[in-house]
Amino acid sequence: MIVVTGTSTGIGHATAQELARRGFHVLAGVRREIDARAMSGTNLEPVMLDITSEFDIAALVTRIGEDPEKRPLRALVNNAAIEINAPVEVLPLSEWRRQFDVNLFGQVAMIQALLPALIKSRGRVVNISSIGGKGAMGVYGPYASTKFALEAVSDALRREMEPFDVKVIVVQPGAVTTPMSTQVRVKAERITSAMTAEQHGRYGELMHAMVSQAESYINKAVSAECAGQIIADAILSKRPRTRYTIGRDAAMLSILFRLLPDRLLDRIIARSLKAHYPSATK
Ligand SMILES: NC(=O)c1ccc[n+]([C@@H]2O[C@H](COP(=O)([O-])OP(=O)(O)OC[C@H]3O[C@@H](n4cnc5c(N)ncnc54)[C@H](OP(=O)(O)O)[C@@H]3O)[C@@H](O)[C@H]2O)c1
């Protein structure tokens, strides 16, 4: 059995389908009945799972422990997340907290609940981070900080689990075509419209540039199905790497973030954004 969280759309949906196709029984986390009905097929079992709900997580632990076929839990794919991009000054603390509740504490809650079963089966934890977990461009602070934290949790957990032969794998997608990446404009408009006039003066053009740049990446984005195959390969690999990037953009940025000094990175990021400012696109 494999648990995948956040399978209503995008990478989670594609990963669940791919793992089921490869013969695993997939407990596919969804939050709505309509998504449960859509997640039907051979080897696919939808489970109601909001990763911020202790009740849902406890019900999942019971489901795994009482599996009628006594199948071991082979892997947890911690995929569910939300993305809210806003300047550090602008986003209300309640929204910072909400994003951490899902993207970090929800993932940690899943790990804590399923680790005993994974230790028993020498299974795997796959944490879906982001290339934003390695470098944070302006406006990406709230989202990237949750992913930086998930990267740290993954490093610590990998070292803790080494004696128990539980592999911990981090996946860092770049742009992947999913509702998360295609709704950037709508989400940015909500943030921008809530800004004070002063904040708008400071960040309005930066928000515009961020949206324009993100939309330009979408044209070169990897499909969710391709991302699902990479994640399934990592789960099946005999000797999985500690980290996998998805997409050429993520592979390239991963090298740049690792090698270049901050000031040089600042200049490269500023130059790549320049073409997306309103003054440049007029
Ligand atoms: N797409 C990209 O370009 C990209 C790039 C880098 C990293 N990623 C990462 O890849 C992963 C998948 O993202 P995606 O692009 O496939 O996004 P997506 O299509 O928006 O899917 C996100 C999934 O998370 C679920 N979710 C949200 N809050 C939840 C909660 N509290 N409990 C349980 N499920 C919840 C959503 O369910 P509902 O439908 O019920 O809301 C949905 O199924 C995320 O970790 C994301 O950060 C994506």
Side-chain angles (χ1 to χ4, degrees), residues 3-18 27-39 46-57 59-60 76-85 95 97-110 113 126-137 140 142-151 153-154 170-184 186-187 213-228 230-231 243-251 253-254:
V3 170
V4 184
T5 67
T7 65
S8 64
T9 53
I11 296 173
H13 187 84
T15 302
Q17 300 277 354
E18 180 64 21
L27 299 176
V30 291
R31 296 195 295 172
R32 285 175 295 266
E33 283 298 336
I34 187 170
D35 296 322
R37 282 196 293 278
M39 186 49 77
V47 288
M48 280 300 157
L49 180 61
D50 183 322
I51 61 169
T52 64
S53 158
E54 282 176 31
F55 175 84
D56 286 359
I57 295 178
L60 176 67
L76 160 65
V77 182
N78 251 332
N79 165 77
I82 54 175
E83 182 181 25
I84 309 164
N85 297 322
E95 292 211 42
R97 290 200 172 98
R98 184 162 72 89
Q99 195 154 204
F100 270 87
D101 273 342
V102 181
N103 297 8
L104 182 67
F105 301 125
Q107 318 279 15
V108 172
M110 289 297 300
V126 182
N127 288 332
I128 309 301
S129 174
S130 165
I131 193 57
K134 282 289 164 190
M137 309 213 288
Y140 285 86
Y143 173 74
S145 55
T146 67
K147 296 297 190 179
F148 268 64
L150 184 63
E151 296 268 343
V153 168
S154 305
V170 174
V171 176
Q172 300 164 327
V176 180
T177 315
T178 71
M180 182 179 281
S181 54
T182 51
Q183 285 166 9
V184 169
V186 178
K187 288 188 276 185
Q213 188 184 49
E215 288 181 340
S216 75
Y217 287 149
I218 290 298
N219 303 326
K220 301 167 212 143
V222 167
S223 70
E225 289 69 28
C226 173
I230 293 170
I231 294 165
R243 285 184 163 75
Y244 291 79
T245 53
I246 296 181
R248 284 165 72 181
D249 54 345
L253 283 169
S254 166

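Start at 1 and go down the list; that is how both ligands and their atoms are numbered. Only heavy atoms go into these numbers, but all of them, side chains included; no hydrogens, no water, no symmetry mates.
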Subject >> Distance-only donor-acceptor check, side chains Q172 and E151, under 3.5 Å >> reply: yes

**OP:** Among all protein heavy atoms, pick out the one at the shortest distance from atom 26 (N) of ligand 1; state its residue, atom name and that distance to 0.1 Å.
**Re:** A80 CB, 3.8 Å

Original post:
Which residue supplies the protein heavy atom nearest to atom 47 (O) of ligand 1, what is that atom called, and how far is it?
Top reply: Y143 OH, 2.5 Å

Subject >> Atoms in ligand 1 with a heavy atom of R32 nearer than 4.0 Å >> reply: 38 (P), 39 (O), 40 (O)

Subject >> Shortest protein heavy-atom distance from atom 31 (N) of ligand 1, along with the residue and atom involved >> reply: D50 OD1, 3.0 Å

Original post:
Below 3.5 angstrom, do we get any N/O pair linking T52 and ligand 1?
Top reply: no

Subject >> Test item: R32 and S8 side chains (from C-beta on) under 4.5 Å apart, heavy atoms >> reply: yes

**OP:** Please report the closest heavy-atom contact between A250 and I131, naming both atoms and the distance.
**Re:** O-CD1, 3.5 Å

Original post:
Does any N or O in the side chain of N127 come within less than 3.5 Å of the main-chain N or O of V170, such that one atom is a donor and the other an acceptor?
Top reply: no

Subject >> Stepwise side-chain contact (heavy atoms from CB on, under 4.5 Å) test for K147 and K134 >> reply: CA-CA 8 Å; K147 296 297 190 179; K134 282 289 164 190; over 6 Å; no

**OP:** Select the closest option to atom 44 (C) of ligand 1 among D35, V30, I128, N79, judged by heavy-atom distance.
**Re:** N79

Original post:
Taking heavy atoms and a distance under 4.0 Å, where does E83 meet ligand 1: side chain, backbone, both or neither?
Top reply: neither

Original post:
Any donor-acceptor pair under 3.5 Å linking the side chain of N103 with the backbone of A81?
Top reply: no

Original post:
For ligand 1, is any non-hydrogen atom under 4.0 Å from T7's backbone (N, CA, C, O), its side chain (CB onward), both, or neither?
Top reply: backbone

Original post:
Short question: side chain of K187, backbone of E83 - any donor-acceptor pair under 3.5 Å?
Top reply: yes

Subject >> Least distance between heavy atoms, T146 atom then L104 atom >> reply: O-CD1, 4.3 Å

**OP:** Around atom 33 (C) of ligand 1, find the nearest protein heavy atom and jot down its residue, atom name and distance.
**Re:** L49 O, 3.3 Å

Original post:
Where is the tightest heavy-atom contact between V176 and A227, given as atom of each residue plus distance?
Top reply: CG1-CB, 4.3 Å

Original post:
Under 3.5 Å between some N or O of ligand 1 and some N or O of R31?
Top reply: yes

**OP:** Record the part of V102 in heavy-atom contact with ligand 1 below 4.0 Å; permitted values are side chain, backbone, both and neither.
**Re:** side chain

Subject >> Donor-acceptor contact present, side-chain T52 to main-chain G106, <3.5 Å >> reply: no

Subject >> From G6, G174, S53 - option closest to atom 4 (C) of ligand 1 by heavy atom >> reply: G174

Subject >> Donor-acceptor contact below 3.5 Å, side chain D249 vs main chain Y217 >> reply: no

Original post:
Do any nitrogen or oxygen atoms of V176 lie less than 3.5 angstrom from nitrogen or oxygen atoms of ligand 1?
Top reply: yes

Subject >> Minimum heavy-atom distance between V184 and A214, given as atom pair plus value >> reply: CG1-CB, 4.0 Å

**OP:** Just need the protein heavy atom nearest to atom 19 (O) of ligand 1, so name the residue and atom and give the distance.
**Re:** T9 OG1, 2.8 Å

Original post:
Does the N78 side chain pair with the main chain of Q107, one donor and one acceptor, at a distance under 3.5 Å?
Top reply: yes

**OP:** Return the residue, atom name and 0.1 Å-rounded distance of the protein heavy atom closest to atom 22 (C) of ligand 1.
**Re:** A81 O, 3.7 Å

**OP:** Answer yes or no: does an N/O atom from I51 fall short of 3.5 Å to an N/O atom of ligand 1?
**Re:** yes

Original post:
Which residue from V77, V184, T178 reaches closest to atom 14 (P) of ligand 1 through any of its heavy atoms?
Top reply: T178

**OP:** Show your reasoning for whether side-chain contact (heavy atoms from CB on, under 4.5 Å) applies to I128 and I231.
**Re:** CA-CA 9 Å; I128 309 301; I231 294 165; 3.7 Å; yes

Subject >> Pick from M110, M180, Q172: the one approaching atom 13 (O) of ligand 1 most closely through a non-hydrogen atom >> reply: M180

Original post:
Looking only at distance, does K147 have an N or O less than 3.5 Å from an N or O of ligand 1?
Top reply: yes

Original post:
Do any nitrogen or oxygen atoms of I11 come within less than 3.5 Å of a nitrogen or oxygen of ligand 1?
Top reply: yes

Original post:
Looking only at N/O atoms, are G12 and ligand 1 under 3.5 Å apart anywhere?
Top reply: no

Original post:
Within less than 4.0 angstrom of ligand 1, does P179 place any heavy atom?
Top reply: yes

**OP:** Check each atom of ligand 1 against the heavy atoms of A175 and keep those under 4.0 Å away; list them by number with element.
**Re:** 3 (O)

**OP:** Check I82 against Q99 and note the closest heavy-atom contact, atom names and distance.
**Re:** O-OE1, 3.2 Å

Subject >> Where ligand 1 meets G10 - atom numbers and elements under 4.0 angstrom, heavy-atom basis >> reply: 16 (O), 19 (O)

**OP:** Only heavy atoms count here, so choose which of S8, G132, S129 is nearest to atom 36 (C) of ligand 1.
**Re:** S8

